[in-house]
Amino acid sequence: MEIVAKLQKQFMDFISALYRERFLDDQFLQLQKLQDESNPDFVFEVVSLFFEDSEKLINNLAAALQQQVVDFKQVDSHVHQFKGSSSSIGAQRVKNACMAFKTFCEEKNIEGCVQCLQHVKHEYFLVKNKLETLMRLEKQILAAGGRIPDLS
């Protein structure tokens, strides 16, 4: 069981860093509280859907910003959706980047929007990498016969 204790410590240290560095906020903790024995893959499923939706939204945003005449209402709609999905899983830095993006949409500032898209993509891929690592740690703990540490 020494391996389980080591993995659990690694998990706790890693998730603490995610909160400290503001990758995640308390909404992610709320998601974790909804996971139980009857739905052990709940967080994994929600996070996987977030990844799928985010990649589509990033592609939609990139396409919308490359149009000859940019439809800022459409761009704003995509950003609003991205902000909502980021907020719902607790991806705080992505949500914050989306809020800045919305400001440039309202100003119809194409250069600002393009820069914000790059920033949003950067924050998204950072949090995606961190969440994938977290999910791998969870799977390793469970495979070793352990339990995911309680975060509350």
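None of these values were measured; they are calculated from a predicted model. For the numbers below, each heavy atom of this structure counts, side chains included, while hydrogens, waters and symmetry mates do not.
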Kindly determine whether Leu18 and Phe28 satisfy side chain to side chain contact (heavy atoms under 4.5 Å, CB included), including the steps that lead there.
-> CA-CA 10 Å; Leu18 293 179; Phe28 189 77; over 6 Å; no

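- Going from atom CD1 of Ile141 over to atom CD1 of Ile148 covers 4.5 Å, rounded to the nearest 0.5 Å.
- Using a 30° and 60° split on the angle between ring planes, Tyr124 and Phe50 fall in the perpendicular class, above 60°.
- Of all non-hydrogen atoms in Gly112 and Phe104, the two that sit nearest each other are CA-CD2, 3.6 Å.
- Looking at Glu55 and Lys128, a side-chain N of the basic residue comes within less than 4.0 Å of a carboxylate O on the acidic one, giving a salt bridge.
- The distance from atom CD of Gln10 to atom CG of Asp13, rounded to the nearest 0.5 Å, is 8.0 Å.
- Within the 4.5 Å cutoff, the side chain of Gln140 has no heavy atoms near those of the Phe11 side chain.
- Atom-to-atom distance recorded for Lys83:NZ and Ser88:OG is 11.5 Å, nearest 0.5 angstrom.
- The shortest distance between side-chain heavy atoms of Thr133 and Lys130 does not fall below 4.5 Å.
- Closest heavy-atom contact between Gln92 and Leu24: OE1-O, 3.6 Å.
- For the pair Phe72 and Cys113, the tightest heavy-atom approach, listed with the atom from each and the gap, is CE2-SG, 3.9 Å.
- Of the possible donor and acceptor atoms, one in the side chain of Asp71 sits under 3.5 Å from a partner among the backbone N and O of Gln74.
- Judged purely by atom type and a 3.5 angstrom limit, Gln8 uses its side chain to pair as donor or acceptor with the backbone of Arg147.
- Hydrophobic cluster membership is shared by Leu29 and Val94, with clusters built from Ile, Leu, Val, Met, Phe, Trp and Tyr side chains linked at under 4.5 angstrom.
- Asp36 is not listed as a side-chain neighbour of Phe42, based on a closest heavy-atom distance of 4.5 Å or more.
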Show your working on side chain to side chain contact (heavy atoms under 4.5 Å, CB included) between Gln118 and Gln115 and close with a plain yes or no.
-> CA-CA 5 Å; Gln118 295 311 310; Gln115 285 180 339; 5.8 Å; no

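- In terms of heavy-atom proximity, Leu61 sits nearest to Val75 at CD2-O, 3.6 Å.
- For the pair Asp76/Phe101, no side-chain contact is recorded, criterion being any heavy-atom separation below 4.5 Å from C-beta on.
- Side chain of Ser87 to main chain of Gly84: no donor-acceptor pair is present (N/O by atom type, distance under 3.5 Å, no hydrogens or angles).
- Transitive grouping of hydrophobic side chains (ILVMFWY, heavy atoms separated by less than 4.5 Å) keeps Phe125 and Leu49 in distinct clusters.
- Side-chain contact between Phe82 and Val120 is present, with heavy atoms from C-beta onward closer than 4.5 Å.
- A donor-acceptor pair is defined here as one N or O able to donate and one able to accept, closer than 3.5 Å; no such pair exists between the side chain of Ser77 and the backbone of Lys73.
- Between Val47 and Met135, some side-chain heavy-atom pair lies under the 4.5 Å cut-off.
- Side-chain N or O atoms of Gln35 include one that pairs as donor or acceptor with a backbone N or O of Pro40 at under 3.5 Å.
- Judged by distance alone, the side chain of Gln27 and the main-chain N or O of Ile89 form no donor-acceptor pair under 3.5 Å.
- No side-chain heavy atom of Val4 sits under 4.5 Å from any side-chain heavy atom of Glu2.
- Note that OH of Tyr19 and CG of Asp26 are 6.5 Å apart. Values are rounded to the nearest 0.5 Å.
- The minimum heavy-atom distance linking Ile3 with Ala144 is given by the pair CG2-CB, 4.3 Å.
- No side-chain heavy atom of Leu137 sits less than 4.5 Å from a side-chain heavy atom of Ile15.
- Taking CG of Asn109 as the reference point, atom OG1 of Thr103 lies at 10.5 Å (rounded to 0.5 Å).
- For Glu138 (side chain) and Leu134 (main-chain N/O), no donor-acceptor pair under 3.5 Å exists by modelled atom type.
- Here the NE2 atom belonging to His122 is positioned 13.0 Å from the CG atom belonging to Leu117, to the nearest 0.5 angstrom.
- A pairwise comparison of heavy atoms in Leu31 and Val43 identifies O-CG2, 3.7 Å as the closest pair.
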Do Glu123 and Asn96 pass the side chain to side chain contact (heavy atoms under 4.5 Å, CB included) test, and can you show the C-alpha distance, the side-chain angles, and the key distance before you say yes or no?
-> CA-CA 10 Å; Glu123 290 298 338; Asn96 292 344; over 6 Å; no

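- Under the 6.0 Å distance and 45° angle rule, Lys139 counts as a cation-pi partner of Phe44.
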